[in-house]
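What follows is one structure encoded as structure tokens, with my remarks underneath.
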Amino acid sequence: MAVVTPDPGTRLPQVGTTIFTVMSALAHEHGAINLSQGFPDFDCPAELQAAVTRHMAAGRNQYAPMGGVPALNEAIAAKVSTLYGRIVDPTREVTVTAGATEAIFCAITSLVRPGDEVIVFDPVYDAYEPAIELAGGRTVHIPLSPPQHAVDWQRVGEALGPRTRAIILNSPHNPTGATVSQTDLETLTELLRDSSVFVIADEVYEHIVFDELPHESLNRYPELAARSLVVSSFGKTYHATGWKIAYCVAPPRLTEELRKVHQYVTFSVATPLQYAYADYLGAHPEHYAELPRFYQAKRDLFCELLARSCFTVIPSAGTYFQLADYRAIADSDDVAFTRWLTTHVGVAAIPISVFYETPDPDQRLVRFCFAKTDNTLQQAAERLCKI
């Protein structure tokens, strides 16, 4: 007698395997240079690795406190104060999470109730909408305005309504590399002043902003900070994406609700890694201070190399991603183009259309990750320039 697994149905009928997994697998299958998924091909600081080993040897291998190791929370609070002028209570306003995706999921789950609406900006990072749907909410998509992918605040104002529960603001923005300005956040402050709408700020690329511009964190703006959960990532900052450690800064009342979810998702995060970050964050603030120049050099190199290709690029304002227009090469849609690029040219990229509710049929953009060694970027560009 055959054993049959009952059909569970699905709560996420539109969700399949993430495009990052698909393209990385395709790159591996065809031996392509992987400029699709956003991770460095160089290692995190040796001193940071040594600190992990030291704390493991010291016996710090059991559960950490649910909100985070005190030393790390204190280091985070000090950093927020130094960079953005916001005084943060490390015990009641900082929560260490198992990556930024967990922080965002917990933030959405803690706020959104059935029937609530959450505003997002297309192209939108693909982790947001599934969490909104699981919470029973509805995602309201507002497209960013090309070619700079700026926020259309008039459309935001028109979209705000009695069911609006939250806005998710991602800056620097993945996948476009766009950033918000002081004017943007002053406008957002005015729009939300008399409302009860919350903001979830995805700021995981906060230290990767170019051309001498400051990162405009919501932590800089007291009115916004009072209604916001601000998510940051150690993985992006310290080249250790596989460690999956991030944190969320929020007022005590919002932190309390966030932790109600966090405690049943992961409870706590790898203890020796937290102690290591606490050591390194305090001892080497120059690391994140120098990160904009480090990645701008890679952006500039990659754009210079692509200048000899048939791609058209507008240098990104932040993140370690670069959009490229391929309309001079092919008229195929971007999903088909990235598959061809991977299988025939040997370079993997990410199609942008998958991040839209309603893709623009005339758009011909792909995203490359330049968080790679110079040699990797040169090899990739050499292949791209032969098209």
Side-chain angles (χ1 to χ4, degrees), residues 20 35-40 79-80 83-84 100-101 103-104 120-128 143-153 167-188 199-221 224 228 230-239 241 246 249 287-304 306 313-325 349-350 352 355 365-372 377:
F20 306 111
L35 302 189
S36 60
Q37 195 168 0
F39 60 85
K79 174 186 160 189
V80 171
L83 292 180
Y84 308 125
T101 301
I104 292 165
V120 302
F121 300 97
D122 285 4
V124 61
Y125 186 63
D126 63 354
Y128 304 160
L144 297 172
S145 301
Q148 300 298 336
H149 295 94
V151 177
D152 184 337
W153 292 110
I167 296 173
I168 301 180
L169 187 66
N170 175 205
S171 178
H173 181 261
N174 180 12
T176 69
T179 59
V180 295
S181 66
Q182 178 179 340
T183 300
D184 286 320
L185 295 187
E186 288 172 348
T187 302
L188 180 59
V199 183
I200 299 170
D202 180 351
E203 299 186 9
V204 300
Y205 297 99
E206 64 180 314
H207 300 302
I208 311 178
V209 180
F210 306 134
D211 303 313
E212 302 297 325
L213 294 175
H215 168 57
E216 293 296 344
S217 173
L218 269 69
N219 284 315
R220 292 185 188 275
Y221 298 83
L224 289 177
S228 298
V230 182
V231 177
S232 298
S233 168
F234 285 122
K236 304 297 188 295
T237 301
Y238 295 100
H239 321 311
T241 61
V249 175
H287 178 95
Y288 60 75
E290 295 170 358
L291 210 60
R293 288 188 294 274
F294 174 81
Y295 274 121
Q296 182 167 338
K298 293 187 176 298
R299 180 204 68 174
D300 292 348
L301 171 64
F302 189 56
C303 289
E304 179 184 342
L306 286 190
V313 299
I314 299 175
S316 65
T319 75
Y320 44 53
F321 301 117
Q322 178 62 53
L323 294 188
D325 190 308
I350 292 290
I352 299 303
F355 303 112
L365 291 174
V366 294
R367 189 201 78 176
F368 293 108
C369 173
F370 56 79
K372 310 296 177 182
L377 295 176

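Because only heavy atoms are used, hydrogens play no part in the values below, and waters and symmetry mates are left out as well, while side chains stay in.
A pairwise comparison of heavy atoms in Ser233 and Ala246 identifies CA-CB, 4.0 Å as the closest pair. For Gly177 against Thr319, the heavy-atom pair with the smallest separation is CA-OG1, 3.7 Å. In terms of heavy atoms, Ser171 sits closest to Thr179 at OG-CA, 3.4 Å. Nearest heavy-atom pair across Leu188 and Trp153 is CD1-CZ3, 3.8 Å. Nearest heavy atom pair, residue Pro123 against residue Pro175, reads O-CD, 3.6 Å. When all heavy atoms of His239 and Tyr295 are compared, the pair lying nearest together is ND1-OH, 3.3 Å.
For the pair Asn219 (side chain) and Tyr221 (backbone), a donor-acceptor distance under 3.5 Å is absent. Proximity of a side-chain donor or acceptor of Arg367 to a complementary backbone N or O of Ser36 within less than 3.5 Å is detected. Side-chain atoms of Gln296 come within 3.5 Å of backbone atoms of Asp211 as a donor-acceptor pair (strictly under, hydrogens ignored).
For the residue pair Asp184/Thr187, the side-chain donor-acceptor check at 3.5 Å is not satisfied.
A search for side chain to side chain donor-acceptor pair (under 3.5 Å) contacts involving Asp202 returns Tyr128, not counting sequence neighbours. Evaluation of the side chain to side chain donor-acceptor pair (under 3.5 Å) rule for Glu203 yields His215, Ser217 as partners, not counting sequence neighbours. Here Ser232 pairs with Glu206 under the side chain to side chain donor-acceptor pair (under 3.5 Å) rule; sequence neighbours left out.
Interatomic distance, Phe121 CZ to His149 NE2, rounded to the nearest 0.5 Å: 13.5 Å. Summarising the geometry, atom CZ belonging to Phe370 is positioned 8.5 Å from atom CZ belonging to Phe321; distances are rounded to the nearest 0.5 Å. Atoms CG and CD1, from Leu35 and Ile350 in turn, are 10.5 Å apart once rounded to the nearest 0.5 Å. Note: Leu218 CG to Leu224 CG = 4.5 Å, rounded to the nearest 0.5 Å. The CG atom of Asp126 sits 5.5 Å away from the CZ atom of Phe355 when rounded to the nearest 0.5 Å. Distance check: Gln148 CD to Thr176 OG1 gives 9.5 Å after rounding to the nearest 0.5 Å.
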Report the C-alpha separation of His207 and Leu83 in whole Å, then their side-chain angles, then the decisive distance to 0.1 Å, and conclude whether the side chain to side chain contact (heavy atoms under 4.5 Å, CB included) test is met. CA-CA 11 Å; His207 300 302; Leu83 292 180; 3.6 Å; yes

Between Gln322 and Cys303, is a side chain to side chain contact (heavy atoms under 4.5 Å, CB included) present by the stated rule, with each step listed? CA-CA 8 Å; Gln322 178 62 53; Cys303 289; 3.5 Å; yes

Apply the test side chain to side chain contact (heavy atoms under 4.5 Å, CB included) to residues Leu291 and Ile208: give CA-CA distance (whole Å), side-chain angles for both, the deciding distance (0.1 Å), then the verdict. CA-CA 6 Å; Leu291 210 60; Ile208 311 178; 4.0 Å; yes

Check against side chain to side chain contact (heavy atoms under 4.5 Å, CB included), Leu144 and Asp122: CA-CA 6 Å; Leu144 297 172; Asp122 285 4; over 6 Å; no

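Side-chain contact check for Pro40 versus Thr241: some heavy-atom pair is nearer than 4.5 Å.
Cation-pi geometry between Lys236 and Phe39 is not satisfied (NZ or CZ under 6.0 Å from the ring centre, within 45° of the ring normal). The side-chain tip of Lys298 points at the ring of Phe294 from less than 6.0 angstrom away and within 45° of straight on.
Ring-centre distance between Tyr205 and Tyr320: below the 6.0 Å cut-off.
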